[in-house]
2 protein chains.
Amino acid sequence: MQKPGSRVTIRDVAARAGVSVATVSKVINQRYGVAEDTMARVQAVISELGYEASLVAQSLRNHRSNVIGILVADLEPFSAELLKGAGDAIRGTGFELVVYSAGGRTGDMVGWEKRYLSRLSGTLVDGAVLVTPTVVDLQSNAPVVAVDPHTGSSAFPTVDADNLRGARLATEHLLDLGHRRIAMLAGRADLQSAILRQQGYREALAAAGVPFLESLVRVGGYDPGLSALAARELLTDPRRPTAVFAANDVTAIATIEVALHLGLRVPEDLSVVGFDNIPESALCVPPLTTVNQPIRTMGERAVDMLIRLIHKQPVERTHLTLATELVVRGSTAPV
Amino acid sequence: MQKPGSRVTIRDVAARAGVSVATVSKVINQRYGVAEDTMARVQAVISELGYEASLVAQSLRNHRSNVIGILVADLEPFSAELLKGAGDAIRGTGFELVVYSAGGRTGDMVGWEKRYLSRLSGTLVDGAVLVTPTVVDLQSNAPVVAVDPHTGSSAFPTVDADNLRGARLATEHLLDLGHRRIAMLAGRADLQSAILRQQGYREALAAAGVPFLESLVRVGGYDPGLSALAARELLTDPRRPTAVFAANDVTAIATIEVALHLGLRVPEDLSVVGFDNIPESALCVPPLTTVNQPIRTMGERAVDMLIRLIHKQPVERTHLTLATELVVRGSTAPV
DNA sequence: CTGAAAGCGCTAACAA
DNA sequence: TTGTTAGCGCTTTCAG
């Protein structure tokens, strides 16, 4: 047996099988040039000892790990949903998946993507998906795909959703229902997606000839807490809006909560539209009318694209924008 | 410059700074015995080239990576919440966090924990947290902590919540409100937590002298889809229950949805209690009465414990069961 | 068909 | 103060 407390290495297997480490390696990697019975003997020892090759040693040696990294700032509904899509895409590809989370410390820790990418790419991961990265100028040796990046024109390939159109659809839906005082609970100013969602809102208002009122826009920063405060301001105003378009579902749900606390009925007294279509939006009561962003598909596409890049296969479009669509549920009604 | 396309290595830095790789290593690791100006020069080159040490090479060499692995079967609200707690616990410890997801393929891929653990422990990660593992007999060289394991008596340290007491509290709450026909939407039979939650339900009924009726128990398997079907069965029965205790929040929310679709008001016509207290349960309308399981804290404690084990510090209790408590919200009312 | 040797990027003795 | 050397676990020529 090997020294207790240390892992089983290829040498332990070699010693026990009475062969060289090179032979064991050949068996593991199914190389030709190994006798039938040697093969069988080594296989037996491998399962006896429960040996698995060290991912680290393999990738150091091979410069290829068959592992894809997903780098996220935090684990919230959006990124969790995206990860499910990434998991879907990875199946059957021979790649494995690791997630690195900056642990929500995006504030104090700007450039976490850069650091992680440097430490991992080329060795542990063959490529990485960056989710809502804050930095854009990182030059990486390994392929990188960004999902929902912070600026519009990213150097590397990106996957996002049609935020502009989605926001327009949401606002038009409210207009169609007869609403004219439509408030917007905006997202984070540093995010491309938030800017486009607000632009779509304005465009839809303009197209309908409804004046844009600065006083009906509040910043919720994609954050439920902030948004609850902002929503309270909006809804306690004597000239309160009859509808709210929230920049994402989490803040839309927070808005509904506030409305109910204030004694307003949703959708009778207030219509609310969200954005994202996270699972929580459907479970919510009333179910949230929202803009579907195919989050899971975005995760899938990002991983698909990354794998093509890793294999140096051509990628049809390097900036992929997926369609958004309105999902009408129970949180909106005619004015 | 180094060969384009390959990562910046310690040798590139050494060459450019005109020193040996050993000196660069000393600078990186803040070892003594490096002249002021040499240090400065090397530092300058490091930032110029944007060099970061390869995690893989470091951990292969050191047998210490300062990385903790969290192995999850899938990414759903429970594991996502747990990850947040793990992220909380990791901050300031000098450890980094990687998550390996089996991608929800727990069915076809029994023993994923074993494989991942073997490939990673001893090299890439210094220890791992296994979330709801399906295998119990894995012998690992590196420290392992299991969260909410599938069987009761796990060989390695565990963190879970007091499922028995939580279920009793939930059921007693319904009994106190005067309910007598209390249904149970049970979880997965292979999970220790599910078994205990059902046991708590039965104990509470027995203590109150309310007969246990097999017909009021349905298996929801912790799954919203299955649970919706089961809930429909229960609620369309002429002798339908006046209250439902669901084995977790996701299925409780599904139950509320079904009830509303059937024209039942919650809580006026039907009281519903969940389990877990995931964020969605508070956002839900009406807000869900549930049993708080300190998921985030469980993640924290598991990581804390793991770090102590890695440091070979004594661990006070190796089987930690955290307290559960009833959180009364709006989904329950007197019969 | 099998093994010895080199080397992936890095660190820790030990020499110089 | 610095560089040389060995080796972590593995794969891959290249001899035997």
Side-chain angles (χ1 to χ4, degrees), chain A residues 2-3 5-42 46 49 51-67 118-126 141-142, chain B residues 2-3 5-42 46 49 51-67 118-126 141-142:
Chain A
Q2 79 287 356
K3 184 159 41 87
S6 78
R7 62 173 282 123
V8 181
T9 75
I10 196 171
R11 289 159 64 137
D12 299 317
V13 175
R16 192 141 168 74
V19 295
S20 72
V21 293
T23 302
V24 178
S25 175
K26 281 170 196 154
V27 171
I28 293 166
N29 297 289
Q30 326 228 52
R31 295 278 174 278
Y32 292 109
V34 182
E36 280 287 307
D37 57 333
T38 311
M39 179 99 104
R41 188 152 36 92
V42 173
I46 286 175
L49 262 45
Y51 169 75
E52 291 275 355
S54 159
L55 178 61
V56 161
Q58 280 187 322
S59 57
L60 180 58
R61 177 60 230 227
N62 293 344
H63 281 278
R64 189 123 208 304
S65 59
N66 284 314
V67 172
S118 300
R119 275 172 73 73
L120 303 175
S121 75
T123 41
L124 182 60
V125 300
D126 296 340
N141 33 337
Chain B
Q2 80 286 355
K3 186 158 39 86
S6 78
R7 62 173 284 123
V8 181
T9 74
I10 196 171
R11 289 158 64 135
D12 299 317
V13 176
R16 191 141 168 72
V19 295
S20 73
V21 293
T23 303
V24 178
S25 176
K26 280 170 195 155
V27 171
I28 294 166
N29 297 290
Q30 327 231 48
R31 294 280 174 277
Y32 293 110
V34 181
E36 279 287 304
D37 56 334
T38 311
M39 179 98 103
R41 187 153 35 93
V42 173
I46 286 175
L49 263 44
Y51 169 76
E52 290 274 356
S54 160
L55 178 61
V56 161
Q58 280 187 323
S59 57
L60 179 59
R61 177 60 231 224
N62 294 344
H63 280 278
R64 189 122 209 301
S65 60
N66 284 313
V67 172
S118 299
R119 273 173 74 73
L120 305 174
S121 75
T123 41
L124 183 60
V125 300
D126 296 341
N141 32 337

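These numbers come from the heavy atoms of this one structure, side chains and all, not from hydrogens, waters or symmetry mates. Only a predicted model underlies this, so the values are computations on that prediction, with no experimental measurement involved. Every chain is numbered from 1 and lettered A, B, ... according to where its sequence line falls, protein lines coming before strand lines.
Atom CZ of B/R11 has 12 or fewer neighbouring heavy atoms from other residues, nucleotides or ligands inside a 6.0 Å radius.
Note on B/S25: a base of the nucleic acid sits closer than 4.0 angstrom, heavy atoms only. Residue contacts for B/V24: at a heavy-atom cut-off of 4.0 Å it reaches no nucleic acid atom on any strand shown. Heavy atoms of B/V19 sit under 4.0 angstrom from primed sugar atoms or phosphate atoms, though from no base atom. Looking at heavy-atom distances under 4.0 Å, B/S59 makes no contact with the nucleic acid at all.
Listed pair A/R61 / C/dG7 fails the phosphate criterion, with no side-chain N or O lying under 4.0 Å from OP1 or OP2. The phosphate of C/dT11 (OP1 or OP2) has no side-chain N or O of B/H63 nearer than 4.0 angstrom. Dashed line: the shortest gap from a side-chain N or O of B/Q58 to OP1 or OP2 of C/dT11 is under 4.0 Å. The phosphate of C/dG3 has OP1 or OP2 within less than 4.0 Å of a side-chain N or O from A/T23. Between A/S20 and C/dG3, a side-chain N or O to OP1/OP2 separation shorter than 4.0 Å is present.
Counting all heavy atoms, side chain and backbone alike, A/A57 lies closest to A/S54 at N-OG, 3.2 Å. Considering all non-hydrogen atoms of both residues, A/S20 and A/A14 come closest at C-CB, 3.7 Å. Between B/L55 and B/S65, the shortest heavy-atom contact is CD1-O, 4.0 Å. Residues B/I10 and B/I28 share a closest heavy-atom pair of CD1-CD1, 4.1 Å. Among all heavy-atom pairs drawn from A/V8 and A/Y51, the shortest one is O-CD1, 3.4 Å.
Distances were taken from every side-chain heavy atom of A/Y51 (C-beta onward) to each of D/dG7, D/dC10, C/dT2; the shortest belongs to D/dC10. Here the side chain of A/A57 is nearest to one of D/dC10, C/dT11, C/dC8, namely D/dC10. Of the listed nucleotides (C/dC1, C/dT11, D/dT11), C/dC1 has the atom at the smallest distance from the side chain of A/A35. Side-chain atoms of A/A22 lie closest to C/dG3 of the nucleotides C/dG3, C/dT11, D/dT2.
Separating the CZ atom of B/R31 from the C1' atom of C/dC14 is a distance of 16 Å, rounded to the nearest angstrom. Per the geometry, CG belonging to A/L120 stands 20 Å off P belonging to C/dC8, to the nearest Å. Across the protein-nucleic acid pair, A/D37 atom CG and C/dC1 atom C1' stand 10 Å apart, rounded to whole Å. Rounded to whole angstrom, the span from the CG atom of A/L124 across to the P atom of C/dC10 amounts to 14 Å. Taking atom CG on A/N66 and atom P on D/dT11, their separation rounds to 12 Å, with Å as the unit. The nearest whole Å value for the distance from the CG atom in A/L60 to the C1' atom in C/dG7 is 9 Å. What separates CD1 of B/I10 from C1' of C/dT11 is a distance of 8 Å, to the nearest Å. With rounding to whole Å, B/E52 atom CD is found 11 Å from C/dC10 atom P.
Nearest-nucleotide positions on DNA chain D for B/T123 and B/Y32 put B/Y32 closer to the 5' end. A residue-by-residue look at A/N29 and B/G33 shows that B/G33 has its nearest nucleotide of DNA chain D further toward the 5' end. In terms of position along DNA chain C, the nucleotide closest to B/V56 lies nearer the 5' end than the nucleotide closest to the other residue of the pair B/K26 and B/V56.
For D/dG9, its base never sits under 3.5 Å from the side chain of A/R11 at any donor and acceptor pair.
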